[in-house]
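Take a look at the structure set out below.
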Amino acid sequence: MGRRGLDCLPMATLEKLLHDRLASAFEAVAGTPAPPTVHRSQYADFQADGALALARQLGRKPRDIAADVVRHAQLDDLCASVEISGPGFINLTVSEGALAPLLAEMSRGERLGVPLVASPDTVVIDYSAPNVAKEMHVGHLRSTVIGDAAVRVLDWLGHRVIKANHLGDWGTPFGMLIEHLLDIGESEAAHELSLGDLNSFYKAARVKFDADDAFKERARRRVVALQGGDKLTLRLWHLLVDASEKYFMAVYDRLDVCLTEKDFFGESFYNDMLQPVVSELDRLGLLRESEGAKVVFPAGFTNREGEPLPLIVQKRDGGFGYGATDLAAIRYRTQELEATRLLYVVGLPQRQHFEMVYEVAREAGWLRPPARAQHVGFGSVLGPDGKMFRTRAGDTVKLVDLIDEAVARAAALVKEKNPDLDEAERAEVARMVGIGALKYADLSNDRNKDYVFDWKRMLSFEGNTAPYLQYARARILSIFRRGGVTPARDLATITVSEPAERALAIELLAFEDVVTGVAESLDFHRLAVYLYGLATAFTAFYERCPVLRAEGEVRENRLALCDLTARVLARGLGLLGIGAPDRM
RNA sequence: GCGCCCGUAGCUCAGCGGAUAGAGCAGGGGACUUCUAAUCCCAAGGCCGCAGGUUCGAAUCCUGCCGGGCGCGCCA
């Protein structure tokens, strides 16, 4: 094979290679750098549209410009054909000779052609954030699942990732919670909380608080004691926090997310930093008095009367607002942890609050470039009726109930479709399929939008679902089992010639671009859509190109394509926090 | 009143300025002595909320409306 030239190139994706070659040609023709705008096409493998944009600037016909570009471009080692079509589109058909070494290269390493980043960020990801003594619900599902995917993608690319579970472990509700704990006794409280019966514990405290003035007064005094550092009160507070953390960890384990005990950075963690934050804001001249409270007016925010909108850092009663905690967290993360990227996986309704916090942090100098903050917002989960997802009684849906039902439904499906699996394997497959379906339903939708929760659709083996992707991979592994083969990963080239093989190859080679794009945008549904497209390309290949019945090099190359597909599917799902069973 | 998000096929969703707007589901028609039919193939289905604007080119960018959701001082 006379393709040495390609082997010597630095790692690059197919699309980038085409882009670079065309960019030089465009520059030569235009006299200045001009974007080739290369993208996938339905008319060829890729198309470049840059000539159209140059027509006016150069005062020439776009088709002539395109022809000129093609003359200048060095594409013969990459493309089998380069054609101009329509008003001046350059249609590019990639040659087998170009695909073969790129596929082989991708197959060789563990990383599937995706390099580690050259200059890693230190990324703090703020997500999940349940409240002590309160049940986790669908809102936490989104934050947890999206945050977890962010952790996995950024970590895999080589960034330094710090998980920050912003546990709600401080504030006025703890007065009533601790008093309620005292009322029912420590052991009973620990028992209820460890069972995960958080809702009834919280509700019981709430009911007493609302109905009983004496209790309310006790609760109020207890808050003061807590904030004053009273030993007994702190011990009881710890009891609540510890029990809740244990419970949350159990939920995280079942959900198969990366969070650990060490990742709890609750609000209380920042307590000692609040006063310094306020003092520093004062020293910087940013602090204002407003109706007795200490506030900051970040530039560019107004309230309903058109007046400047304040971020409250210290309340009239001397207590600190959550704005103070969020500011302290930013300062801690950029200064102590030396974070360069801050992610907040928090619902969209809190966007304005965080934009204000970021602005104040910038004004205070706690958030300077290259450090940046990104609100990874998300919409609501809707029920079948298109309204906020709730139980029939109107309560929020407990996250554990969702997990239980997902696994139970998956178990029933697996039992029905594949009775041959033994008990243990079936349970494990059901877990991966159920949890995977739950997560994938969330991640495969644009996170800025609300999405409709639908068991039937998410657990379907058809369409853009986790089970479909898992099944596609399981079928590939089944080919290897059936044939008793282990595909080679050290081929010098992986040759593709059939249209279905080529289509699959080009899809495979797009993996890097998709992953790096998602690492920036955090639009995980783009990875999901990619994986679905890959699985679709694979099934087309699977229908048309026999693998085990092929012979010689064709068989070897097809096995390698299968292997690559299976690995990309597993890796892609893995980046989304979803497991893939070998059999199902 | 101000701000944010959303509006694409009957339903659920893709579409990061490019050619004839794509999937899945549901409904219609097909394919199992075949590497897992849990899959696949075919046909049908659209004033891309409306109206302007920018552009060689707009579902995509800008402005204004309409419709839905959510925020807007001491809860987080």
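In what follows, chains are A, B, ... by sequence order, proteins preceding strands, each numbered from 1. Note that this is a predicted model, so its numbers are computed, not measured.
Note on ring orientation: taking the six-membered ring where Trp is involved, the planes of A/H353 and A/Y322 are perpendicular (angle over 60°, cut-offs 30° and 60°). By the 30° and 60° cut-offs, the orientation of the rings of A/Y451 relative to A/F453 is tilted.
Because its NZ or CZ atom is not both nearer than 6.0 Å to the ring centre of A/F297 and within 45° of the ring axis, A/R288 does not count as a cation-pi partner of that residue.
A/Y471 meets the ring-ring contact (aromatic ring centres under 6.0 Å, His included) test with no other residue; sequence neighbours excluded. Evaluation of the salt bridge (Lys or Arg N to Asp or Glu O under 4.0 Å) rule for A/R583 yields A/E425 as partners, not counting sequence neighbours. Take A/S460 and apply the side chain to side chain donor-acceptor pair (under 3.5 Å) test, not counting sequence neighbours, and it matches no residue. Applying the side chain to side chain donor-acceptor pair (under 3.5 Å) criterion to A/Q57, with sequence neighbours excluded, gives no partner residue. Applying the ring-ring contact (aromatic ring centres under 6.0 Å, His included) criterion to A/Y440, with sequence neighbours excluded, gives no partner residue. In this structure, the salt bridge (Lys or Arg N to Asp or Glu O under 4.0 Å) partners of A/D263, at least two apart in sequence or on a different chain, are A/K163. Taking A/S268 as the reference, A/D169 meet the side chain to side chain donor-acceptor pair (under 3.5 Å) condition, with sequence neighbours excluded. Residues meeting the ring-ring contact (aromatic ring centres under 6.0 Å, His included) test with A/H180, sequence neighbours left out: A/F201.
Separation of the C1' atoms belonging to B/A58 and B/G53 is 11 Å when rounded to the nearest angstrom. The P atoms of B/A23 and B/G45 are separated by 14 Å, rounded to the nearest whole Å. Atom name C1', nucleotides B/G18 and B/C6: the rounded distance is 26 Å, in whole Å. Separating the C1' atom of B/C47 from that of B/G7 is a span of 15 Å, rounded to the nearest Å. Using P as the reference atom, B/G24 and B/C40 are 8 Å apart when rounded to the nearest Å. Rounded to the nearest Å, the gap between the C1' atom of B/G15 and that of B/G28 is 27 Å. B/A19 and B/C25: their C1' atoms are spaced 29 Å apart (whole Å). If you take atom C1' in B/G49 and the same atom in B/A9, they sit 15 Å apart, rounded to whole Å.
Checked against B/G73, B/A14, B/C35, the side chain of A/Y542 finds its nearest nucleotide in B/C35. Distances were taken from every side-chain heavy atom of A/L309 (C-beta onward) to each of B/A37, B/A38, B/C72; the shortest belongs to B/C72. Residue A/Y468 has its side chain nearest to B/U39 when only B/C6, B/C72, B/U39 are considered. Proximity note for A/Y532 (side chain, C-beta onward) versus B/G24, B/G22, B/U12: the nearest is B/G24. Taking the side chain of A/T302 as heavy atoms from C-beta on, and the options B/G22, B/C2, B/U12, the nearest nucleotide is B/C2. Side-chain proximity of A/N448 to B/C13, B/C40, B/C5: nearest is B/C5. Of the candidate nucleotides B/U34, B/C75, B/C25, B/C25 has the atom nearest to the side chain of A/E462.
Heavy-atom neighbours of A/R549 CZ from other residues, nucleotides or ligands within 6.0 Å: at or below the threshold of 12. For A/E551, the CD atom counts as loosely surrounded, since its 6.0 Å shell holds 12 or fewer non-hydrogen atoms of other residues, nucleotides or ligands. For CD of A/Q275, the number of neighbouring non-hydrogen atoms (other residues, nucleotides, ligands) closer than 6.0 Å is greater than 12.
Residue A/H525 is classed as a sugar-phosphate contact, given heavy-atom separations below 4.0 Å to backbone atoms only. Here A/N418 lies in heavy-atom contact (under 4.0 Å) with a base. Using a 4.0 Å heavy-atom distance criterion, A/V452 is classed as a sugar-phosphate-only contact. Within the nucleic acid shown, A/N91 comes within 4.0 Å of at least one base atom, counting heavy atoms only. Using a 4.0 Å heavy-atom cutoff across all strands shown, A/M584 reaches at least one base atom of the nucleic acid. A/S85 comes within 4.0 angstrom of a nucleotide base, judged by non-hydrogen atoms across all strands. Backbone-only contact: A/D450 has heavy atoms under 4.0 Å from sugar-phosphate atoms and none from a base. When heavy atoms are screened at a 4.0 angstrom cut-off, A/P546 is found touching base atoms of the nucleic acid. Note on A/Q350: a base of the nucleic acid sits closer than 4.0 angstrom, heavy atoms only.
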* **Trace of the side chain to side chain contact (heavy atoms under 4.5 Å, CB included) decision for A/F480 with A/T486** => CA-CA 6 Å; A/F480 303 151; A/T486 306; over 6 Å; no
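Near RNA chain B, defined here as any heavy-atom distance below 4.0 Å, the residues from residues 44-63 of chain A are A/Q47, A/D49, A/L52, A/A53, A/R56, listed numerically. Listed by residue number, A/S290, A/E291, A/A293 are the residues of residues 289-301 of chain A with a heavy-atom contact under 4.0 Å to RNA chain B. Near RNA chain B, meaning a heavy atom under 4.0 Å away, the residues from residues 469-479 of chain A are A/Y471, A/A474, A/R475, A/S478, A/I479.
Toward the 5′ end of RNA chain B lies the nearest nucleotide of A/Y451, the other residue of the pair A/Y451 and A/S521 mapping further downstream. Nearer to the 5' terminus of RNA chain B, by closest-nucleotide assignment, is the contact made by A/P308 (compared with the other of A/P308 and A/F320).
In this structure, the CZ atom of A/R40 is 14 Å from the C1' atom of B/G22, given to the nearest Å. Counting to the nearest Å, the P atom of B/G18 and the CZ atom of A/F89 are 10 Å from each other. Straight-line distance from the CD atom of A/Q352 to the C1' atom of B/G1: 14 Å, rounded to whole Å. Counting to the nearest Å, the P atom of B/C72 and the CZ atom of A/F354 are 14 Å from each other.
Between A/K449 and the phosphate of B/A14, there is a side-chain N or O to OP1/OP2 separation shorter than 4.0 Å. Remark: A/H375 is not in phosphate contact with B/C4, judged by side-chain N or O atoms under 4.0 Å from OP1 or OP2.
Pairing analysis of RNA chain B (Watson-Crick: purine N1 to pyrimidine N3 plus N6-O4 or O6-N4; G-U wobble: N1-O2 and O6-N3; both under 3.5 Å) yields stems of 3 or more pairs at B:1-7 with B:66-72, B:10-13 with B:22-25, B:28-30 with B:40-42, B:49-53 with B:61-65.
Residues A/K294 and A/D282 are not paired through a salt bridge, judged by the lack of any N-O separation under 4.0 Å between the basic side chain and the carboxylate.
In this structure, A/Y270 has its ring center no closer than 6.0 Å to that of A/F320.
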